[in-house]
Amino acid sequence: MEQNTRRLTLKVVTKDRNVLEVLKGMAEYRPAKDEFSLGSLEALADDLAKKKAARLRKEGEAKAARDSEVVAEHAFHHAILGAKDQVRAQFGDSSNELQSIGLKKKTERKAPKRKTAKK
């Protein structure tokens, strides 16, 4: 059997499950190859169900880990904002320290200018 990493559509998988259910009802179904026997098909269906359940659990864990990471990002960001405020309070609005953390000195800001009304 070839290794294919492309997902089958839900429609195809559903049809396959339906075929298995129909085959279970056929008393005369006796395939020439054992790999297509009911037992083999049911084992593959069970394996698929287990792997799907494992994937869903892992996706849930990944979503929870992502949410934890987002919370940590926000906590870190708010702490950095507080640290910037502390630098401003400790060293002043026009200090080199304020500039070194990426903020503009108060003296480097342009003074606001009035807009003249157009006639």
Side-chain angles (χ1 to χ4, degrees):
M1 183 187 314
E2 68 182 55
Q3 287 287 338
N4 196 342
T5 56
R6 207 178 84 223
R7 298 284 314 254
L8 294 174
T9 64
L10 181 59
K11 185 177 180 180
V12 170
V13 175
T14 302
K15 283 184 177 184
D16 290 345
R17 290 179 194 272
N18 292 342
V19 169
L20 177 59
E21 292 303 315
V22 171
L23 289 174
K24 286 180 185 179
M26 290 183 186
E28 294 86 29
Y29 179 70
R30 288 177 186 63
K33 293 185 175 184
D34 284 340
E35 65 186 288
F36 304 117
S37 69
L38 276 179
S40 179
L41 295 174
E42 287 174 332
L44 288 170
D46 290 343
D47 185 49
L48 173 61
K50 287 177 187 174
K51 290 190 173 155
K52 182 176 183 174
R55 177 186 57 86
L56 292 174
R57 277 193 305 274
K58 288 179 182 180
E59 282 179 358
E61 291 169 3
K63 287 177 183 176
R66 183 192 176 283
D67 290 346
S68 295
E69 180 185 6
V70 168
V71 168
E73 282 177 352
H74 282 276
F76 177 67
H77 178 66
H78 288 293
I80 292 296
L81 292 177
K84 287 179 179 181
D85 287 340
Q86 292 300 306
V87 168
R88 179 178 282 119
Q90 183 176 351
F91 297 104
D93 287 335
S94 294
S95 67
N96 290 335
E97 291 83 3
L98 190 70
Q99 187 178 28
S100 70
I101 62 171
L103 299 176
K104 277 192 174 186
K105 294 180 178 182
K106 187 175 185 180
T107 55
E108 291 179 355
R109 294 190 183 275
K110 290 183 180 178
K113 295 181 181 172
R114 285 188 180 210
K115 295 181 181 179
T116 58
K118 293 184 179 181
K119 296 180 182 178

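In this chain, numbering begins with 1 at the start of the sequence shown.
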What's the separation between atom CD in E42 and atom CG in L20, rounded to the nearest 0.5 Å?
6.0 Å

Hey, what do you get for OG1 (T107) to CG (D93), rounding to the nearest 0.5 Å?
9.5 Å

Distance check, rounded to the nearest 0.5 Å: L38 atom CG versus R30 atom CZ?
10.0 Å

V19 with F36, same ILVMFWY side-chain cluster at under 4.5 Å
yes

Apply salt bridge (Lys or Arg N to Asp or Glu O under 4.0 Å) to residues D47 and K51 and explain how you reach the verdict.
CA-CA 6 Å; D47 185 49; K51 290 190 173 155; 3.3 Å; yes

Please report the interatomic distance CG(L103) to CD(E108), rounded to the nearest 0.5 Å.
11.0 Å

Name all pairs fulfilling the side chain to side chain donor-acceptor pair (under 3.5 Å) condition that reach into residues 8-17, sequence neighbours left out, sorted by first residue then second.
none

Has K52 got more than 12 heavy atoms of other residues, nucleotides or ligands less than 6.0 Å from its NZ?
no

Salt-bridge contact E59-R55 (side-chain N to carboxylate O under 4.0 Å):
yes

Under a single-linkage definition using a 4.5 Å side-chain heavy-atom cutoff for Ile, Leu, Val, Met, Phe, Trp and Tyr, are Y29 and V22 assigned to the same hydrophobic cluster?
yes

Any chance you could measure Q86, atom CD, to I101, atom CD1, to the nearest 0.5 Å?
10.5 Å

Inter- and intrachain pairs under side chain to side chain donor-acceptor pair (under 3.5 Å), touching residues 68-85, at least two apart
none

Within a 6.0 Å radius of atom NZ on K106, are there more than 12 heavy atoms belonging to other residues, nucleotides or ligands?
no

Going only through I, L, V, M, F, W and Y residues with side-chain contacts under 4.5 Å, is there a path from L48 to V12?
yes

Does the side chain of E97 come within less than 4.5 Å of Q90's, by heavy atoms?
no

Spatial distance of atom NZ (K33) from atom OG (S40) [nearest 0.5 Å]
12.0 Å

